[in-house]
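All chains are named by letter (A, B, ...) in the order of the sequence lines, taking the proteins before the strands, and each is independently numbered beginning at 1. Keep in mind the model is a prediction, meaning the values are calculated, not measured. Hydrogens, waters and symmetry mates play no part in the numbers below; they use all other heavy atoms, side chains included.
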2 protein chains.
Amino acid sequence: MSKLKDIAQLTKVSVSTVSKVLNGKGRVSEKKRKEILRVARQLGYTPNYHARSMARKTKILTVGLIVPEIINPFFASLTRGVQKACGEDALVILMDSFRNLEREEKLIKNARFFGIDGIIIGNSRVSDDLVEEISGYIPVVVFDKFYELDNVVSIVLDNRYGAYMATRHLIENGCRNIVHLGGTHELYVSLERARGYEAAMNEVNLKPVVEPVGYNESAGYEAMKRLLDSGFQIDGVFCMNDLVAIGAIRALKEKSLRIPDDVAVVGFDDDEELCEIIEPPLSSVHQPVEEMGEVAAKLLFELIKGNSKIKRYVFTPRLVVRRSSLKKVKS
Amino acid sequence: MSKLKDIAQLTKVSVSTVSKVLNGKGRVSEKKRKEILRVARQLGYTPNYHARSMARKTKILTVGLIVPEIINPFFASLTRGVQKACGEDALVILMDSFRNLEREEKLIKNARFFGIDGIIIGNSRVSDDLVEEISGYIPVVVFDKFYELDNVVSIVLDNRYGAYMATRHLIENGCRNIVHLGGTHELYVSLERARGYEAAMNEVNLKPVVEPVGYNESAGYEAMKRLLDSGFQIDGVFCMNDLVAIGAIRALKEKSLRIPDDVAVVGFDDDEELCEIIEPPLSSVHQPVEEMGEVAAKLLFELIKGNSKIKRYVFTPRLVVRRSSLKKVKS
DNA sequence: TACTGTAGATCAAACGTTTTCCCAAGCTTC
DNA sequence: GAAGCTTGGGAAAACGTTTGATCTACAGTA
C-alpha cells in the first residue's frame, strides 16, 4: 500500500502538498499538481481510511445489521429497508448468524470493536442480558421485544392484532371450526400470534385449537395431516407463517378437500412471491417489513446522534385477502 | 466517546498503563487494574477502531459486496456464501444498488475510500471501464464475465452448458417442438442460455424458437400466451429462469394443457422453495450459488494477499429433474 | 529603499491507540 | 553494601492523514 509519503518523495514535495492536491484544497502550482496526480494514479494510491477518519474527526457512519439468515425473505426485505435508509450516508455491515445463537451472540459482542456506531438486531432470540450489556457501549435497535434501557429502541409488529384480524376474517367468512398451526417455539412472536387467534375465537365463543408446528413447509404438512387423520372437523386454518400454510394446503389437497370451500386458509408474513404463485393464492397477514427496516435505521441514527426520543415503534399489520379464504357462500 | 486519556485521568495513571490493562498486557498492580477496569466499564469505553487499526498494523479484513437487489434469492444465497467464507476473519459490507445502475457505479467507485480491502460485484451489468478503473486500486471479483486484468478474478457459471443440458433432457423425454422463453436482455447470461438451447436443438436438427421475455412471472405468462395464441405447436418449454417458467405454467394450465404430458417445462436457477411448491414440481437447472459466493470470497482473499494464481473459476450447473419434465411415455 | 501583498510550498500539531524502551524502588544474595 | 533481579509504571515514537499557521520569494507600489 502506497502512502502520501511515497508520492511526496517521488515528486519531491512535502506530504501536506500532496494531501492538498489530492483533496483539491489550498493552492498548488499547476505543474506540481499534474505531476502529483500522475504519480498517485500510477501508484494506485488510495487514502488510508483509518488515518483519514482519525485526522478529520468526521467518519462515515457504520451500522451493524445482524440477521439469523439472509436467505429468509423476511430478513432480506429488512436488509433492503435498512440499506434504503442508509442511502449514501452510512455503511451497512451485514452479519449472518446462520441461525446459530452462539455465533450470533459473539457477533453482537464483538460488533463494537469494528468501528460500528450502532447495531440492529434482526431477531428476538438474543438474551436480555446481552442486549443490556451491549447497549452500555453502542446504541441498539431490536425487533419484537421492548426494553427499558436508555440506549435501546424497539420496533414491534402488533402480531397479536394481525392474528386476531386473520381469525376474525375466517369467522366472518363462515368458518366455525378454525384451528391454528403455530404457538410453539420459544419465539415471542409465535406466542403472540397464538394469543391473537385465541382472543378472536373466545370473543365469539368458539373453542381455540392450537396445533404445535415447526416453521417450514413440511412441518405445516405434517401438522395438518395429524389433525385430519385424528378425525377433527375443520373448516378453517390460520397458520403462523406462509410456508406452514403452504404445507397445510398440500395436506388438505391430498385429502381432496377443496380450498377455500371446504377449508379456508390464511397465512402470515405475506411472502408475495409465494402467496401469489400457490393455488389457490394464499390470504396472508402482511408485515411492512421493508418499512420496518427503514424505520429501524432511522431510529438508530437518532440514537447515535443522541436524540433518543422514541423508545418503541409499533407497526400494524394488514390482511391481504386472496382466494384461499373466500368461501363462495358467505354467512 | 470516552478515550484512554479520560480513563487515565480519572484513575491517575498514564495512558499506556490503561492500554495495557485493557489489553491484558504488561504487569500492573491488582489494585490499579481493578480500578481501571471499573472506570472503563462505567464510562462505556470502547476503543477507537481507527486508532487501533493504525497503531497495530493489522486491521480486520473488510470486503464490499455489491448486489443489485438483496431480496432476490439468488443474491441472498450469494451473500450467504460470502459470509460463510468470511467467518470470523472478515467483515462484509453489503451494498444494494436497488437495480439502479448509476447508484451501483457510484458505490463501486467509492468503495475504496471506506476501508474496503476488496470488492465482489454480484452482477455483470457494470461497464468494463469501471471494472478496469477500480481494479487499479483494489482487488475485484466479478461474476459471469472474464477480464484480462491483473487485479480481477471471474466466477462464471457455464450457462450455455446448463441450457444445453436442459434442452437435451427435454429432447430425450420425447419433446420435438421445444421453445425457449428468454434470449432478450442486454444480459450476457441470458444470451448464453439461449445459445446453449440453440446448440442442443441444432444438434438433432430441430428448429430453435426463441421467444423474448422479461424476467418475472407475468412476463413468462404473457410470452407463453402469445405463443399459444399464435397457434404454435409446442410440447416442451425451456425457460430462462424459474419465475418465467412458473408464469408459463400458468398460461399452459389456462389452456387446459397438461404438464408434463402435453407440454414439458424446465426452468433455470432452481429456486427450491419455488420449484418444489409449484404444481407440478418444476425441473430446473441448479446453480451452486452459495458455493459460488464462498469461492468468490476465498479468491478475493487470495487476491488481497497477493497470490493471484487463478484468473477464472468455472462452475458447472446440474439439472434437477422434477415432475414438470417427465412425460409418462418415454421415447 | 522599504513596505505590502500574494502565490506557492512547508511545518508541525493533532487524531487515539499500541508498544518498545527505560526508570525507580524494593528486594535478594553473597 | 554493592550488584543483580523483579515489579510496577511512564515517556515517547509510531501509524497515515488533515489542516491551520508559517515561511519564502518575488512582484507591485509609493
### Message
With a cut-off of less than 4.0 Å, is there a side-chain N or O of B:K57 near OP1 or OP2 of D:dC15?
### Response
no
### Task
Take atom CG of B:L43 and atom P of C:dG16, then tell me their distance rounded to the nearest Å.
14 Å
### Candidate nucleotides D:dG10, C:dA9, D:dC15, ranked by approach to the side chain of A:K32 - the nearest
C:dA9
#### Entry: Spacing between B:M54 atom CE and D:dA13 atom C1', to the nearest angstrom
13 Å
### Query
Which pairs count as salt bridge (charged side-chain N to carboxylate O under 4.0 Å, His left out) when at least one residue sits in residues 29-40 of chain A, sequence neighbours excluded?
A:E30-A:K34, A:E35-A:R38
### Query
Does the distance from a Lys or Arg side-chain N to an Asp or Glu carboxylate O, for B:E88 and A:K106, drop under 4.0 Å?
yes
### Message
Measure CE/B:M1 against C1'/C:dC15 and give the value in whole Å, please.
### Response
15 Å
### Query
Quick one: B:K59 NZ to D:dG16 P, roughly how many Å, whole number?
14 Å
### Task
Flag the pair B:K109 / B:L130 as yes when at least one side-chain heavy-atom distance between them is below 4.5 Å, and no otherwise.
yes
### Message
If I take atom NE2 in residue A:H50 and atom P in nucleotide D:dT17, what distance separates them, rounded to the nearest angstrom?
### Response
12 Å
### Task
For a side chain to side chain donor-acceptor pair (under 3.5 Å) with B:S97, tell me which candidate from B:E104, B:R103, B:E102 qualifies.
B:E104
### Task
Output yes when a side-chain donor or acceptor of B:N23 lies under 3.5 Å from a complementary backbone atom of B:K25, and no otherwise.
no
### Message
Does A:R99 qualify as a cation-pi partner of A:Y215, given the criterion of NZ or CZ under 6.0 Å from the six-membered ring centre and within 45 degrees of its axis?
### Response
yes
#### Entry: B:K12 NZ to D:dG8 C1', straight-line distance once rounded to whole Å
19 Å
## Note on the structure
Once base and sugar-phosphate atoms are separated, protein heavy atoms under 4.0 Å mark nucleotides 18-27 of chain D, 5' to 3', with B, S and - as BBBB------
### Expected output: side-chain B:D117 to main-chain B:T62 donor-acceptor under 3.5 Å
yes
### Message
Please tell me if A:S29 has a side-chain N or O lying less than 4.0 Å from either OP1 or OP2 of C:dA9.
### Response
yes
### Query
In whole Å, what is the span from the CZ atom of A:R33 to the P atom of C:dA9?
10 Å
#### Entry: Atom-to-atom span, CZ of B:R27 to P of C:dC21 - whole angstrom
17 Å
